[in-house]
Amino acid sequence: FHGGRNDAEKARAVHRFQETEDTRVFLATRAAAYGLTLTAASTSIYYSQGYSLEEYDQSQDRPHRIGQTKTCNYIHLVCDKTIDVKIIKALADKESIASLVYSMMRG
């Protein structure tokens, strides 16, 4: 699933994953970060992550939607001493800041 596919091809890919028992893997680029329902998934594996917390949160929401009956697991493939370590830390820091701001706004 990527941005080079037309809407019909994307819809077929999602339908196949959601409705076909023999389709166990859904590979996607950032093109799948928004607007998809992938409740047939129980695990998301990240192999390349960007710095956008919004995009990351949205991508985690794809399997975790209304109708999901399974536990959702998220796995990050990260090698020691790479930029990926810094990105994962930056995302965690952004999440902490966002939570702090949210809790301050709630009073």
Side-chain angles (χ1 to χ4, degrees):
F1 190 102
H2 58 83
R5 300 284 184 191
N6 66 42
D7 289 344
E9 291 170 320
K10 290 178 183 178
R12 280 194 298 275
V14 171
H15 183 295
R16 183 173 174 210
F17 181 74
Q18 286 288 100
E19 304 298 331
T20 308
E21 288 290 322
D22 66 338
T23 303
R24 308 300 336 144
V25 176
F26 187 88
L27 297 174
T29 64
R30 289 187 177 125
Y34 298 94
L36 294 183
T37 296
L38 298 174
T39 53
S42 59
T43 302
S44 292
I45 300 173
Y46 294 88
Y47 63 91
S48 178
Q49 191 61 50
Y51 281 102
S52 171
L53 180 59
E54 177 193 11
E55 213 171 74
Y56 177 64
D57 285 347
Q58 284 292 318
S59 71
Q60 286 190 322
D61 287 344
R62 297 313 97 216
H64 198 265
R65 307 282 274 186
I66 293 172
Q68 177 60 277
T69 58
K70 301 178 268 290
T71 299
C72 297
N73 299 296
Y74 305 95
I75 299 169
H76 292 85
L77 302 179
V78 179
C79 292
D80 226 4
K81 300 179 183 176
T82 65
I83 189 70
D84 293 328
V85 174
K86 292 179 181 182
I87 291 171
I88 297 301
K89 183 177 179 339
L91 289 171
D93 291 347
K94 287 179 180 184
E95 185 123 40
S96 293
I97 291 168
S99 293
L100 179 62
V101 169
Y102 179 73
S103 65
M104 290 171 56
M105 291 176 60
R106 293 182 64 207

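Along the sequence shown, residues are numbered consecutively beginning with 1. Computed from a predicted model, the values in this text were never measured in an experiment.
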Beyond-backbone contact of Thr43 with Ile45, side-chain heavy atoms, under 4.5 angstrom:
yes

Return the minimal non-hydrogen interatomic distance between Leu53 and Ala98, and the atom names on each side.
CD2-CB, 4.5 Å

I need the Ser44 OG to Asn73 CG distance, nearest 0.5 Å.
9.0 Å

NE2 (His64) and CG (Asp57) are apart, to the nearest 0.5 Å, by 12.5 Å

Is there a donor-acceptor pair closer than 3.5 Å between any side-chain N or O of Tyr74 and the backbone N or O of Gln60?
yes

Atom pair CZ (Phe26) and CZ (Arg24), whose distance is rounded to the nearest 0.5 Å
13.5 Å

Got a donor-acceptor contact below 3.5 angstrom from the Thr20 side chain to the Asp22 backbone?
no

Any donor-acceptor pair under 3.5 Å from Arg62 side chain to Gln58 backbone
yes

In terms of hydrophobic clusters joined by side-chain contacts under 4.5 Å, are Leu91 and Ile83 together?
yes

Do you know the tightest heavy-atom contact between Asp80 and Val85?
CA-CG2, 4.2 Å

Is the NE2 atom of His2 crowded by more than 12 outside heavy atoms at less than 6.0 Å?
yes

Do Phe1 and Leu27 belong to the same hydrophobic cluster, where Ile, Leu, Val, Met, Phe, Trp and Tyr are linked whenever their side-chain heavy atoms lie under 4.5 Å apart, directly or via other members?
no

When rounded to the nearest 0.5 angstrom, what is the spacing between CZ in Arg16 and OG1 in Thr23?
4.0 Å

Check the orientation of Tyr46 and His76. Use parallel for under 30°, tilted for 30 to 60°, and perpendicular for over 60°.
parallel

Between Asp61 and Arg65, does any side-chain N to carboxylate O distance fall below 4.0 Å?
no

CG (Leu100) and CD (Glu95) are apart, to the nearest 0.5 Å, by 12.5 Å

Given the rule in the side-chain contact (heavy atoms from CB on, under 4.5 Å) test, do Leu38 and Phe17 qualify, once you have shown the distances and angles that lead to the verdict?
CA-CA 8 Å; Leu38 298 174; Phe17 181 74; 4.0 Å; yes

Side-chain donor or acceptor of Lys70 paired with backbone N/O of Pro63 under 3.5 Å
no

For residues Leu77 and Ile88: do they belong to one hydrophobic cluster (side chain heavy atoms under 4.5 Å, members Ile, Leu, Val, Met, Phe, Trp, Tyr)?
no

Can you tell me how far NZ of Lys94 sits from CD of Glu54, rounded to the nearest 0.5 angstrom?
10.5 Å

Is Ile97 linked to Met105 within one hydrophobic cluster, defined over Ile, Leu, Val, Met, Phe, Trp and Tyr using a side-chain heavy-atom separation of less than 4.5 Å?
yes

Residue pair Gln49 / Arg30: nearest heavy atoms and the distance that separates them:
C-NH2, 3.6 Å

Taking Gln18 for its side chain and Thr39 for its backbone only, find out whether a donor-acceptor pair lies under 3.5 Å.
yes

